[in-house]
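Presented below is the structure to which this report refers.
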Amino acid sequence: PVGISMCAGELGKVAIVQGRYADARGFLETSLAHATATGSKVLEEAAYGSLGVLDYYEGRYAEARVRLEKNEALNDQMGDRGRQGGVSGTLGSVEHAEGRLAAALERLQRCRAMAMESGDCTGEALACVGLGAVLRDLGRTKEAREVHAHGLALAREAGNAREEAHALFE
């Protein structure tokens, strides 16, 4: 069951990147079922996180929030500070999509701070892109441009083409 959970989880992530969301959901639900059966909090956390991202991509924000909050609670239990920043950023993106701009701003600022604290350039770049979008929607355009430009520079510095493209798209 542990191996099945791990493999299904990875297949689910690949399917998300490929835009095959129905396949991704099947793989990730299998991953979660096997993770829960084995009692592996690490695998359960990963499955909830990936399912939360998938729900977000599909515009299912309420479901995304529930799964990501479960993911966040498991991260807190395990004390995995590195993953906490990513979860915080994804929840910030959900809040932004829901129009909860103040909550999104707070969460994405926390995500950026965690990434900076741990030296995670890619995480900081991603947080800056989200933060820039929220600041833009709040009408704080000068600050949004500065934060967004910083995120783009970080993505380029890290050689992360995917985040660079995300920054350019946003």
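The structure displayed is predicted, hence computed values, not measured ones.
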Look only at the side chain of [X] and the backbone of [Y], and say whether a donor-acceptor pair between them is shorter than 3.5 Å.
X	Y	value
Thr38	Ala35	yes
Ser40	Thr36	no
Thr141	Arg136	no

Any chance you could measure Glu10, atom CD, to Ser5, atom OG, to the nearest 0.5 Å?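 Result: 10.0 Å between the selected atoms.
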
Gln77 side, atom CD; Glu44 side, atom CD - distance, nearest 0.5 Å: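 One finds 8.5 Å between CD of Gln77 and CD of Glu44.
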
[X] vs [Y] side-chain heavy atoms within contact, under 4.5 Å:
X	Y	answer
Cys128	His148	no
Lys13	Gln18	no
Arg25	Glu58	yes
Glu69	Arg65	yes
Tyr21	Leu54	yes
Asn75	Met78	yes
His150	Glu124	yes
Leu68	Tyr48	no

Are [Y] and [X] connected into the same hydrophobic cluster when the rule is that any two of I, L, V, M, F, W, Y join if their side-chain heavy atoms are below 4.5 Å apart?
X	Y	result
Leu74	Tyr56	yes
Leu91	Tyr61	yes
Leu51	Phe27	no
Leu28	Tyr57	yes

Nearest heavy-atom neighbours spanning Val94 and Ala64: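 Taking Val94 first and Ala64 second, the nearest heavy atoms are CG2-CB, 4.0 Å.
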
Under-4.0 Å salt bridge between Arg140 and Glu146: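 Glu146 and Arg140: not salt-bridged.
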
Leu101: which other cluster members, linking ILVMFWY side chains closer than 4.5 Å, directly or transitively?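 Members other than Leu101 - counting any ILVMFWY side chain reachable under 4.5 Å - are Leu105, Leu108, Leu131, Val134, Leu135, Leu138, Val147.
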
